[in-house]
Trainee: 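Please read through the structure below; I'll follow up with questions.
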Amino acid sequence: MFNKKKLLQNIVELYYEQVEQMETNYDMDNKYATKIQSYYRMYVLHKSYKKNQNATITIQKYCRAYLARQLVKQKLSECKNRRNIIYLSHQAQTIQRYFRGYIYRKYVHDFYLRKKQLELMNIKNQNFLQELRLKAEQEKEEEKIRHEQAAKQEFMKLATNLHHLTSTKSQPGIYKPPFAKENPKAFDIEVETQLKIAFQTNTQWKTQKRSGSAQRALTSQGFRIRPQSQKLK
């Protein structure tokens, strides 16, 4: 019985001591509990913040990816539309060009009539070119004749005083060598004959201006005056 009372007394004393100690340490316990609560609440809020932040970043990532894909699709669509517009414009221009050519050939200029006109024009051009060639040949021939006449006049002028180089009955001239196969020619006539013609022409021209006494003097000296119309054979 003694022991029970003593034990009860000890328990009561221990209880009061603990209550007193608890009252003594209430402020400190309250402070530590508040701090623990604040850390826990901070942890919970930080965890919630991180969760919301990660969720926000994920949402932003998917939204930006979606917007980027939409932008790329828009760019590709615009590029495709530009290519289609360029291609279709080229095809439309080609169709318009062929259609206008068809209308122009059918209603403005007949192809076969134009072809016939071109053929007639070609024939006229050929005839005109032929006439030009003939005219050029004719002018060339006339120019050649004028040059030949001028050369003949120059030759006759030079050959007027060369009658002493012609052949005689006893002595052949330098332009008629006895052993030559062919005598030299000028204007398709032998030079010997040309010299004789020049001398006779000059003599006839001068005798026309001489008086009768001068002609008789020449006749008496052995010169025979031929009429101008007589040619040398």
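Residue numbers count from 1 along this sequence.
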Trainee: Not counting sequence neighbours, list each pair that qualifies as a ring-ring contact (aromatic ring centres under 6.0 Å, His included) and has a residue in residues 84-104.
Mentor: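 Listed by first then second residue: Tyr104-His109.
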Trainee: Compare all side-chain heavy atoms of Arg82 with those of Glu78 and state whether any distance is below 4.5 angstrom.
Mentor: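 Contact flag for Arg82/Glu78 side chains = yes.
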Trainee: Tell me every residue that passes side chain to side chain contact (heavy atoms under 4.5 Å, CB included) with Arg41, counting only those two or more places apart in sequence or in another chain.
Mentor: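 For Arg41 the side chain to side chain contact (heavy atoms under 4.5 Å, CB included) partners, ignoring immediate neighbours, are Gln37.
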Trainee: Taking Leu118's backbone N and O only, do any of them form a donor-acceptor pair with Asn122's side chain (distance below 3.5 Å, no angle check)?
Mentor: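 It does not hold such a pair.
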Trainee: To the nearest 0.5 Å, tell me how far Lys73 NZ sits from Arg69 CZ.
Mentor: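 Taking NZ in Lys73 and CZ in Arg69, the distance rounds to 7.5 Å.
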Trainee: To the nearest 0.5 Å, how far apart are CD in Gln149 and CD in Glu142?
Mentor: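 Here the interatomic distance stands at 10.5 Å.
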Trainee: Could you tell me which residues satisfy side chain to side chain contact (heavy atoms under 4.5 Å, CB included) with Leu134, sequence neighbours excluded, listed by chain and number?
Mentor: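 Leu134 satisfies side chain to side chain contact (heavy atoms under 4.5 Å, CB included) with Gln130, Glu137 once adjacent residues are dropped.
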Trainee: Rounded at 0.5 Å granularity, tell me how far NZ in Lys115 sits from OH in Tyr112.
Mentor: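 It is 7.5 Å, given to the nearest 0.5 Å.
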Trainee: Leu45: which other cluster members, linking ILVMFWY side chains closer than 4.5 Å, directly or transitively?
Mentor: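 Via sub-4.5 Å side-chain contacts, Leu45 links to none.
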Trainee: So, taking the atom named OG in Ser77 and the one named CG in Asn81, what distance separates them when rounded to the nearest 0.5 Å?
Mentor: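 It comes to 4.5 Å.
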Trainee: Would you give me the side-chain donor-acceptor pairs under 3.5 Å for residues 52-61, sequence neighbours excluded?
Mentor:
residue, atom, partner, partner atom, Å
Asn52, ND2, Ser48, O, 3.1
Asn54, ND2, Lys50, O, 3.1
Thr56, OG1, Asn52, O, 2.6
Thr58, OG1, Asn54, O, 2.7

Trainee: Arg97 versus Thr94: any side-chain heavy-atom pair under 4.5 Å?
Mentor: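 Yes. Closest side-chain heavy atoms under 4.5 Å.
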Trainee: Test of understanding: with side chain to side chain contact (heavy atoms under 4.5 Å, CB included), list the residues that count as partners of Glu143, not counting sequence neighbours.
Mentor: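 Checked Glu143 against side chain to side chain contact (heavy atoms under 4.5 Å, CB included); matches are Arg146, His147.
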Trainee: Could you check Arg83 against Lys80 for side-chain contact (heavy atoms from CB on, under 4.5 Å), going step by step and ending with a plain yes or no?
Mentor: CA-CA 5 Å; Arg83 288 200 301 267; Lys80 186 177 180 180; 4.2 Å; yes
